[in-house]
Amino acid sequence: MSSPSGLLTQGVPASAYCLPHPPLDLPVILVVRQVLLRAFEVLMECGFDLAKEKEDRITTALRNVIENDLRQSGAVSGFDRRRFDTVVRQTQTENFDSTKLAKAPDLWFKLRHDDEEPRAVLSTQDALFVECKPVDGDHSAGSAYCDDGLIRFIRGDYAWAMPEAMMIGYSRAGRTIPGDLVPAMSAPNRLATLKTEALPTAVAQTEPSERAETLYKSRHQRGFSWPDDKGPATEITIYHSWHRCD
């Protein structure tokens, strides 16, 4: 009987893939950021009530705009059917050792690659994994966003093969990254559980908009080992994209 972690790599010899996977690089992250900004604008234009809707309904609407409109039309430069595969929501995936087979990150952005040679990756784990969380009076930046959301990247539930991932915050009641997320992440116990190497700092290539903060990023160690004896997982960069939903 094969080991649990063997499920991850069936059909792929250890020599055929590298960990971590190659980075997506900042230009890709910035394209996704522009897609998110435009998708929220479309929701507002359609009269979608961001102030009252719950997390799952916002995420569903967001994904539908991104996939049915923006990826098909190419309205956002750099984001279209030629460059990106279908954007999916809550598709099940395995954690780093296949002891959990039904993990479901909120959104996946997967690039298309035209390379003639196969990429040295596990294709099922090669994507920008995104987790979405509300941040408001009922959902704190600490317990909801960090302890229920961000932690999933640190413990290897999502994006365990990738060097970066993204959190989206549905912000209400004036919640901000500097005013709420940074203090929450700075708590000594949370610094330890999130294995934080660098607290959120603004990404210089981005600016705030009327309904979104500047993009931020933080850096974290991870506390698990990769399959196939590929050693301890290296650190991960998390991008934080917060959008006003009131």
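None of these values were measured; they are calculated from a predicted model.
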Rounded to the nearest 0.5 Å, what's the gap from OG1 on Thr214 to CD1 on Ile177? Could you check? 8.5 Å
In terms of heavy-atom contacts, Glu164 and Asp25 come closest through OE1-N, 3.9 Å
State whether the side chain of Thr196 and the backbone N or O of Leu199 hold a donor-acceptor pair below 3.5 Å, judged by distance alone. no
Report the C-alpha distance between Arg33 and Tyr239 in whole Å, list the side-chain angles of each, state the deciding distance to 0.1 Å, and finish with yes or no for side-chain contact (heavy atoms from CB on, under 4.5 Å). CA-CA 10 Å; Arg33 163 74 169 182; Tyr239 289 90; over 6 Å; no
I'd like to know if the side chain of Arg190 and the backbone of Ser186 have a donor-acceptor N/O pair within less than 3.5 Å. no
Give a yes or no on whether the ring-centroid distance for Phe96 and Phe224 is below 6.0 angstrom. yes
Could you walk me through whether Arg89 and Asn64 satisfy the side-chain contact (heavy atoms from CB on, under 4.5 Å) test, starting with their C-alpha distance in whole Å, then the side-chain angles of each, then the deciding distance to 0.1 Å, before giving a yes or no? CA-CA 9 Å; Arg89 172 181 174 264; Asn64 288 343; over 6 Å; no
Is it true that, when you exclude Lys217 itself, more than 12 heavy atoms of the residues, nucleotides or ligands shown sit nearer than 6.0 Å to its NZ? no
Donor-acceptor contacts under 3.5 Å from residues 34-41 side chains, at least two apart:
{"unit_1": "Arg38", "atom_1": "NH1", "unit_2": "Glu41", "atom_2": "OE1", "d": "2.9"}
{"unit_1": "Arg38", "atom_1": "NH1", "unit_2": "Glu45", "atom_2": "OE2", "d": "3.1"}
{"unit_1": "Arg38", "atom_1": "NH2", "unit_2": "Glu45", "atom_2": "OE1", "d": "3.4"}

What verdict does the side-chain contact (heavy atoms from CB on, under 4.5 Å) test give for Ile236 and Ile154, after you've listed the backbone C-alpha separation in whole Å, the side-chain angles of each residue and the deciding distance to 0.1 Å? CA-CA 8 Å; Ile236 185 170; Ile154 311 308; 4.3 Å; yes
Decide, yes or no, whether a salt bridge links Asp157 with Arg155 under the criterion of side-chain N to carboxylate O below 4.0 Å. yes
Please determine whether a side-chain nitrogen of the Lys or Arg among Asp85 and Lys110 lies less than 4.0 Å from a carboxylate oxygen of the Asp or Glu. no
Would you say that more than 12 heavy atoms from the other residues, nucleotides or ligands in this model lie under 6.0 Å from the CD of Glu207, or not? no
Check for me whether the distance between the ring centres of Trp226 and Tyr17 falls short of 6.0 Å. no
Side-chain donor/acceptor of Gln72 to backbone N/O of Glu67, under 3.5 Å: yes
Heavy-atom side-chain proximity of Ile58 to Leu50 below 4.5 angstrom: yes
Hydrophobic cluster membership, with links at side-chain heavy-atom distances under 4.5 Å among I/L/V/M/F/W/Y: are Val121 and Trp160 in one? no
Sort out for me which residue in Arg222, Arg219, Gln221, Glu235 forms a side chain to side chain contact (heavy atoms under 4.5 Å, CB included) with Lys195. Gln221
Asp228 side chain to Lys230 main-chain N or O, any donor-acceptor pair under 3.5 Å? no
Are the charged groups of Arg119 and Asp126 less than 4.0 angstrom apart, N to O? yes
Over all heavy atoms of both residues, which pair between Leu107 and Cys132 is shortest? Give the atoms and the distance, please. CD1-SG, 4.2 Å
Can you check whether Asp56's main-chain N or O pairs, donor with acceptor, with Thr59's side chain at less than 3.5 Å? no
For the residue pair Asn95 / Thr99, report whether a side-chain donor-acceptor contact shorter than 3.5 Å exists. yes
Answer yes or no: are there more than 12 heavy-atom neighbours, outside Asp229 itself, under 6.0 Å from its atom CG? no
So how far is it from Ile151 CD1 to Thr193 OG1, rounded to the nearest 0.5 Å? 5.0 Å
Find the distance between CG (Leu62) and NE2 (His243) and round it off to the nearest 0.5 Å. 7.5 Å
Rounded to the nearest 0.5 Å, how far apart are CD1 of Ile168 and OH of Tyr145? 9.0 Å
Counterpart residues, ring pair (Phe, Tyr, Trp, His ring centres under 6.0 Å), relative to Phe84 (two or more places apart): Phe79
With heavy-atom distances below 4.5 Å as the criterion, would you say the side chains of His139 and Lys133 are in contact? no
Gap separating the CD atom of Gln125 from the CH2 atom of Trp108, nearest 0.5 angstrom: 6.0 Å
Treat each ILVMFWY residue as a node, draw an edge where side-chain heavy atoms are under 4.5 Å apart, and state whether Leu194 and Met162 are in one component. yes
Mind checking whether Ile66 and Phe109 have side chains closer than 4.5 Å, heavy atoms only? yes
Would you name the heavy atoms of Pro134 and Ala144 that are closest together and state the gap between them? O-CB, 4.4 Å
Close side-chain approach of Gln205 and Leu215, heavy atoms under 4.5 Å: no
Yes or no on side-chain contact (heavy atoms from CB on, under 4.5 Å) for Val65 and Phe48, after CA distance, side-chain angles and deciding distance? CA-CA 11 Å; Val65 169; Phe48 187 84; over 6 Å; no
Keeping the roles fixed (side chain from Ser98, backbone from Glu94), state whether a donor-acceptor pair exists under 3.5 Å. no
Applying side-chain contact (heavy atoms from CB on, under 4.5 Å) to Asp180 and not counting sequence neighbours gives Ala141, Arg175, Thr176
Is it true that Leu43 and Val32 fall in one hydrophobic cluster, defined by side-chain heavy atoms closer than 4.5 Å? yes
Could you go through Asp136 and Arg172, starting from their C-alpha distance and side-chain angles, then the distance that decides it, and tell me whether this counts as salt bridge (Lys or Arg N to Asp or Glu O under 4.0 Å)? CA-CA 5 Å; Asp136 53 33; Arg172 300 185 180 112; 3.0 Å; yes
Heavy-atom pair with the smallest gap, counting every atom of Glu213 and Pro178: OE1-CD, 3.3 Å
Contact between His220 and Phe153 at the side-chain level, heavy atoms closer than 4.5 Å - yes or no? no
Tell me the closest heavy-atom pair linking Glu131 and Pro105, and the distance in Å. OE1-CA, 4.0 Å
Within this structure, what is the OG1-CZ distance for the pair Thr60 and Arg57, rounded to the nearest 0.5 Å? 8.0 Å
Pairwise side-chain contact, Asp106 with Val130, heavy-atom cut-off 4.5 Å (strictly under): no
Heavy-atom side-chain contact between Cys146 and Leu181 under 4.5 Å: yes
Is there side-chain contact between Leu26 and Ile29, with at least one heavy-atom pair below 4.5 Å? yes
